[in-house]
Amino acid sequence: MKLLLENKETVADGVVLLTLRHPDGDALPAWTPGAHVDLVLTDGLVRQYSLCGAPDSTTWQVAVLREPDGRGGSQHVHDVLAAGGLIEVTGPRNHFELVEAKRYLFIAGGIGITPILPMIAQADRTGHDWRLVYGGRTRSSMAFRDELERLGHVEIRPQDEYGLLDLETLLGEPEEGTAVYCCGPEPLLAAVEQQCAAWPKGTLHVERFAPKADAARGPRHEFEVELAQSGTVLRVPPDQSVLAVVEQAGVAVLSSCQEGTCGTCETIVLDGEPDHRDSVLTAEEQECGDAMMICVSRSRSPRLVLDL
Ligand SMILES: Cc1cc2nc3c(=O)[nH]c(=O)nc-3n(C[C@H](O)[C@H](O)[C@H](O)COP(=O)(O)OP(=O)(O)OC[C@H]3O[C@@H](n4cnc5c(N)ncnc54)[C@H](O)[C@@H]3O)c2cc1C
Ligand code: FES
């Protein structure tokens, strides 16, 4: 779907907020807090951005951090996209749903605040007990600070003023009934995961904007995939992904990041044991083994049967 970039404004150091609308004023598809959309920036350059505005709005908003060392997606958003232009957008999709809980602890680092914003709005609207701890490099690099502070229950903790977030105090004692939501840079996510190891299973919900360190590593054996819808059996050599092999066989599968972070290529596994190497599924979802990200994940069994 092509959307009109209605407005583009700088909302923090290195962060622009894009407001998108249907060019004919049509309603946009519904979404829930935690959802993201794909911006098709140029041919082959597709990037995911969390929806950070209000879910009942006729506009979509995404905030994009410039990644000077990246592969060009965020730089394209910052340097090329201009208000008044049209952008191809797909989605929304959500791998970071807000579950029902007695209370919520939100932990955001830097641009990781984006999916948390609509979650906070919902928790606040529904009268839930919630608290946000928001870290960042400096105060001026932290988007949406003022509007968050107005809500209360918010601790703004720029690193140059407070140092790293004190996760030990924050997460030291498991709290029954609290759902913990975290989004931010990998070191923060890894530290929160470590601290939450003693909490009840299913307490922690994380979203990664980049692949988990070493997630895609591990031995690469050859195996077979059977495409259940046609009965076709394909060989996946050690140097190719399931996605690449399936596409070469002429079967169209939606994909985007190709590195196991966006969830676009999620495929149902009907038989066999996947070797999960993605950064999207939770440990419980991976253990369950009924779905996999075929852009990076492989197989522990000689054959996987996929719902393709
Ligand atoms: C579900 C989801 C939601 C997202 N929401 C937002 C959002 O709301 N706002 C936002 O700004 N971004 C968001 N992102 C990240 C975004 O999609 C882009 O990755 C980001 O804009 C950078 O794109 P890029 O092409 O500039 O850099 P990329 O090349 O994608 O690089 C991003 C960062 O990762 C590092 N990197 C590059 N390749 C690798 C690799 N193979 N392994 C490890 N690290 C690598 C780079 O050094 C850089 O720091 C989201 C990502 C996902 C998956
Ligand atoms: S294409 Fe993004 S997870 Fe596979």
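Just so it is clear, the values below take in all heavy atoms, side chains as well, and ignore hydrogens, waters and symmetry mates. Just follow the structure's listing: the first ligand is 1, and inside any ligand the first atom is 1.
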**OP:** Inspect the contact between E88 and K2 and indicate whether a charged nitrogen and a carboxylate oxygen are less than 4.0 angstrom apart.
**Re:** yes

Original post:
Considering only the protein, which heavy-atom contact is closest to atom 3 (S) of ligand 2, and what is its distance?
Top reply: G263 N, 3.2 Å

Original post:
Short list, please: which atoms of ligand 1 are under 4.0 Å from a heavy atom of T114?
Top reply: 7 (C), 8 (O)

**OP:** Mark up the atoms of ligand 1 that fall under 4.0 Å of a heavy atom belonging to S74, in ascending order.
**Re:** 21 (O), 23 (O), 24 (P), 25 (O), 26 (O)

**OP:** Output yes when a side-chain donor or acceptor of R277 lies under 3.5 Å from a complementary backbone atom of G218, and no otherwise.
**Re:** yes

Original post:
For ligand 2, which atoms, with element, lie under 4.0 Å from some heavy atom of G260?
Top reply: 3 (S)

Original post:
Are there protein heavy-atom neighbours of atom 36 (N) of ligand 1 below 4.0 Å?
Top reply: no

Original post:
For ligand 1, is C257 a contact, meaning one of its heavy atoms is under 4.0 Å away?
Top reply: no

Original post:
So which heavy atom in the protein is nearest atom 30 (O) of ligand 1, and how far is it from that ligand atom?
Top reply: R71 NH2, 3.0 Å

**OP:** Check the pair H128 / E100 against side chain to side chain contact (heavy atoms under 4.5 Å, CB included), numbers first and verdict last.
**Re:** CA-CA 10 Å; H128 281 80; E100 184 53 38; 2.9 Å; yes

Original post:
What atoms in ligand 2 come closer than 4.0 Å to a heavy atom of C262?
Top reply: 1 (S), 2 (Fe), 3 (S)

**OP:** Give a yes or no on whether the backbone of V99 and the side-chain of Y104 come within a donor-acceptor separation of less than 3.5 Å.
**Re:** yes

Subject >> atom 11 (O) of ligand 1 - nearest protein heavy atom and its distance >> reply: L65 N, 2.9 Å

Subject >> Numbering as shown, the atoms of ligand 1 that approach G73 to under 4.0 Å (heavy-atom distance) >> reply: 24 (P), 25 (O), 26 (O)

Original post:
Do T138 and D160 meet the criterion of a side-chain donor-acceptor pair at a distance under 3.5 Å?
Top reply: no

Subject >> Under-4.0 Å protein heavy-atom contact, atom 52 (C) of ligand 1 >> reply: yes

Original post:
Taking only heavy atoms of E67, which atoms of ligand 1 are found under 4.0 Å from at least one of them?
Top reply: 22 (C), 26 (O), 33 (C), 48 (C), 49 (O)

Subject >> Donor-acceptor side-chain pairing of T59 and R21 below 3.5 angstrom >> reply: no

**OP:** Check each heavy atom of I111 against ligand 1 and say whether those closer than 4.0 Å belong to the side chain, the backbone, both or neither.
**Re:** side chain

Original post:
Side chain or backbone of Q258 under 4.0 Å from ligand 2, or both, or neither, by non-hydrogen atoms?
Top reply: backbone

Original post:
Just which atoms of ligand 1 are under 4.0 Å from any heavy atom in G70?
Top reply: 27 (O), 28 (P), 29 (O), 31 (O)

Subject >> Test item: Y134 side-chain N/O and A143 main-chain N/O as donor-acceptor pair under 3.5 Å >> reply: yes

Original post:
Is ligand 1 under 4.0 Å from a heavy atom in the side chain of P115, in the backbone, in both, or in neither?
Top reply: neither

Original post:
Does R208 come within less than 4.0 Å of ligand 1, judged by its heavy atoms?
Top reply: yes

Original post:
Considering all protein heavy atoms, does one lie under 4.0 Å from atom 23 (O) of ligand 1?
Top reply: yes

Original post:
Can you tell me if CD on E173 sees more than 12 non-hydrogen neighbours from other groups inside 6.0 Å?
Top reply: no

Subject >> Interfacing atoms of ligand 1 (cut-off 4.0 Å, heavy-atom, E259) >> reply: 41 (N)

**OP:** Find all atoms of ligand 2 within a distance of less than 4.0 Å from any non-hydrogen atom belonging to T261, and give their numbers and elements.
**Re:** 3 (S)

Original post:
Can you tell me if V64 has a non-hydrogen atom under 4.0 Å from ligand 1?
Top reply: yes

Original post:
Below 2.8 Å, any N, O or S contact between C257 and atom 2 (Fe) of ligand 2?
Top reply: yes

**OP:** For atom 1 (S) of ligand 2, find the nearest protein heavy atom and state the residue, atom name and distance (0.1 Å precision).
**Re:** S256 N, 3.2 Å

**OP:** Decide, yes or no, whether a salt bridge links E175 with R103 under the criterion of side-chain N to carboxylate O below 4.0 Å.
**Re:** yes

Subject >> Residues D166 and R157 bridged, charged N to O under 4.0 Å >> reply: no

**OP:** Go through ligand 2 atom by atom and flag the ones less than 4.0 Å from a non-hydrogen atom of C295.
**Re:** 1 (S), 3 (S), 4 (Fe)

**OP:** Say whether, by atom type as modelled, one donor and one acceptor occur between the side chain of Q75 and the main chain of P68 under 3.5 angstrom.
**Re:** yes

Original post:
Between R131 and E155, is a side chain to side chain contact (heavy atoms under 4.5 Å, CB included) present by the stated rule, with each step listed?
Top reply: CA-CA 8 Å; R131 175 183 177 196; E155 290 146 60; 2.8 Å; yes

Original post:
With atoms numbered from 1 as shown, which atoms in ligand 1 lie under 4.0 angstrom from a non-hydrogen atom of E207?
Top reply: 1 (C)

**OP:** Select one of side chain, backbone, both or neither to describe which atoms of H36 lie under 4.0 Å from any atom of ligand 1, heavy atoms only.
**Re:** side chain

Subject >> Closest non-hydrogen atom pair between L65 and S74, with its separation >> reply: O-CB, 3.2 Å

Original post:
Can you find a protein heavy atom under 4.0 Å from atom 13 (C) of ligand 1?
Top reply: yes

Subject >> Under 3.5 Å: donor-acceptor pair, side chain of E273, backbone of S299 >> reply: no

